[in-house]
Amino acid sequence: MPELPEVETTCRGISPHLIGQTITAVRIFHPRLRWPIPDEVHTLVGRTIRSITRRAKYLLMDCETGHLIVHLGMSGSLRIVAPDAPRGKHDHVEIQVGAQVLRLRDPRRFGAVLWTEQPPHTHPLLAHLGVEPLDAAFDGASLYAQTRKVNTPIKLFVMDAKRVVGVGNIYASESLFLAGIDPRTRAGKLSAARCERLAKAIKSVLRAAISAGGSSLRDFVGSDGASGYFQLNYRAYDRAGAPCRTCGQLIRRIVMGQRSTFFCSKCQTR
DNA sequence: CTTTAAACCTGGTCGC
DNA sequence: TGCGACCAGGTTTAAA
């Protein structure tokens, strides 16, 4: 369940241990994640990690001769461990940098490890991504402009990575609750004022989760191996049948785009 | 073009 | 205790 905050937290967590370090070994224990892990990752040995950045939910590692692209899928996590740390059955890849190892664990194997020698943002998976929600370029005005004449329900709109990246199922429900907007509202029907509220809500929800250290992964473990688990106090998500924390109305669960959607029919309007 | 749904995978939970 | 059914999550791909 890593959403943007978890990926950002992971990026910040592993960076200090890896930047400027030289890769001494790459080991693949399970070569098939969402896609097969390309053989070229073995050419990483001897390369130095220049930087680690995030784009949407992708982690990008600049390794001099190319870029490692890592996606955590729905159950992936990265940690720094000692080389002799016992390996679990879902630890699929490890990259050794001297006395430390970066290990990818991903029980459901929806994640990905890819390699490109081109600028990573031109990679087919990244080339058509929308705006970063925490960028200044994403605000009420841009959201208003973007949603004009769009019939898609607003919840599906904000979850569409071609429009805005990083807003997954959990934070979509949370943001719409905070903004007081019914998730079924047609995007194009939102007023400028409501777009403003929504953009602010998305930023605020994501920022809160980042500062909490990542929240949406039930078994989230900090990249240092400590129990970084933190459950946000959700206002709507996963609260079907429970009273709204604002008005007491029972939170409803509906399905939109095959995903559970939670909202308060009293606080959130069309 | 847009919209919808299936697929990928595993572990946890529920009802019987 | 076992077993089947179903759900969660993000994203791509195929189909309508």
Side-chain angles (χ1 to χ4, degrees), chain A residues 1-11 29-38 54-60 69-78 87-93 104-114 116 120-121 123-130 132-133 146-175 183-188 202 205-206 209 214-221 229-232 234 236-241 251-262:
Chain A
M1 311 178 205
E3 296 202 24
L4 185 148
E6 286 70 31
V7 181
E8 179 64 28
T9 299
T10 298
C11 183
F29 305 109
H30 198 315
R32 291 191 52 84
L33 299 180
R34 195 180 202 301
W35 295 283
I37 298 173
R54 176 190 64 74
R55 169 72 171 120
K57 294 172 188 169
Y58 294 92
L59 284 169
L60 310 174
I69 301 175
V70 179
H71 196 290
L72 298 177
M74 298 197 291
S75 58
S77 63
L78 284 168
R87 197 158 46 78
K89 95 189 240 207
H90 301 298
D91 292 334
H92 306 311
V93 179
L104 172 67
R105 171 173 300 178
D106 187 359
R108 291 170 212 177
R109 305 205 337 264
F110 272 29
V113 173
L114 301 168
T116 180
H121 292 80
H123 189 279
L125 291 175
L126 305 186
H128 305 292
L129 291 174
E132 286 284 335
Q146 230 191 153
T147 50
R148 289 315 86 190
K149 308 204 170 148
V150 174
N151 279 313
T152 312
I154 188 60
K155 195 227 181 191
L156 301 183
F157 183 97
V158 299
M159 287 186 67
D160 182 351
K162 290 190 289 299
R163 315 267 194 189
V164 191
V165 302
V167 183
N169 199 41
I170 294 172
Y171 297 124
S173 279
E174 290 300 291
S175 302
R184 300 164 294 185
T185 311
R186 303 280 163 185
I202 289 172
V205 164
L206 293 178
S215 64
S216 66
L217 186 58
R218 283 177 204 275
D219 56 354
F220 182 78
V221 177
Y229 173 63
F230 181 91
Q231 179 87 46
L232 259 195
Y234 296 134
Y237 180 77
D238 204 22
R239 297 198 66 238
I251 298 291
R252 285 186 57 193
R253 172 189 181 274
I254 61 176
V255 173
M256 297 179 65
Q258 307 170 283
R259 317 300 297 276
S260 289
T261 303
F262 303 89

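Note: hydrogens, waters and symmetry copies are ignored here, and every other heavy atom, side chains too, is used. Proteins get letters first, then strands, A, B, ... in listed order; numbering begins at 1 in each.
The phosphate of C:dA8 has OP1 or OP2 within less than 4.0 Å of a side-chain N or O from A:Ser260. An OP1 or OP2 oxygen of B:dT3 is reached within less than 4.0 angstrom by a side-chain nitrogen or oxygen of A:Thr152. For the OP1/OP2 pair of B:dT10 and a distance below 4.0 Å, the side-chain nitrogens and oxygens of A:His90 include no atom meeting the criterion. In this model, the phosphate group of C:dG10 is approached by a side-chain N or O of A:Arg259 to a distance below 4.0 Å at OP1 or OP2.
In this structure, CD in A:Glu132 is found 10.0 Å from CG in A:Leu206, a value given to the nearest 0.5 Å.
Counting to the nearest Å, the C1' atom of C:dT11 and the CH2 atom of A:Trp35 are 7 Å from each other. Spacing between atom CG of A:Asp106 and atom C1' of C:dA8 amounts to 14 Å, rounded to whole angstrom units. When rounded to the nearest whole Å, the span between NZ of A:Lys149 and C1' of B:dC1 equals 16 Å. Look at CD on A:Gln258: it is 13 Å from C1' on B:dC8, rounded to the nearest Å. In this structure, CG of A:Asp91 is placed 15 Å from P of B:dT10, rounded to the nearest angstrom. For A:Arg109 and C:dT11, the CZ to P distance is 19 Å, given to the nearest whole Å. As a whole-Å value, the separation of A:Leu33 CG from B:dA7 C1' is 16 Å. We find that CZ of A:Arg34 is positioned 7 Å from P of C:dT13, with the value rounded to whole Å.
Proximity note for A:Phe110 (side chain, C-beta onward) versus B:dG11, B:dC8, C:dT11: the nearest is B:dC8. In this structure, the nucleotide among C:dT11, C:dA8, B:dA6 sitting nearest to the side chain of A:Arg253 is C:dA8. With C:dG10, B:dT3, C:dA8 as the candidates, the nucleotide lying closest to the side chain of A:Asn151 is B:dT3.
In this structure, A:Lys89 reaches the sugar-phosphate backbone alone: every heavy-atom distance under 4.0 Å involves primed, P, OP1 or OP2 atoms, never a base. Contacts of A:Leu125 with the nucleic acid, taken as non-hydrogen atoms under 4.0 Å apart, involve only primed sugar atoms and P, OP1 or OP2.
The aromatic ring centres of A:His92 and A:Phe29 sit 6.0 Å or more apart.
Partner of A:Thr261 under the side-chain hydrogen bond (donor to acceptor under 3.5 Å, both in side chains) criterion, chosen from A:Arg184, A:Lys155, A:Arg252: A:Lys155.
Side-chain contact check for A:Ser77 and A:Arg105: no donor-acceptor pair (N or O, by modelled atom type) lies under 3.5 Å.
Under a 3.5 Å cut-off, the side chain of A:Arg186 and the backbone N or O of A:Pro153 do not form any donor-acceptor pair.
Residue whose closest nucleotide on DNA chain B sits further toward the 5' end, between A:His30 and A:Pro153: A:Pro153.
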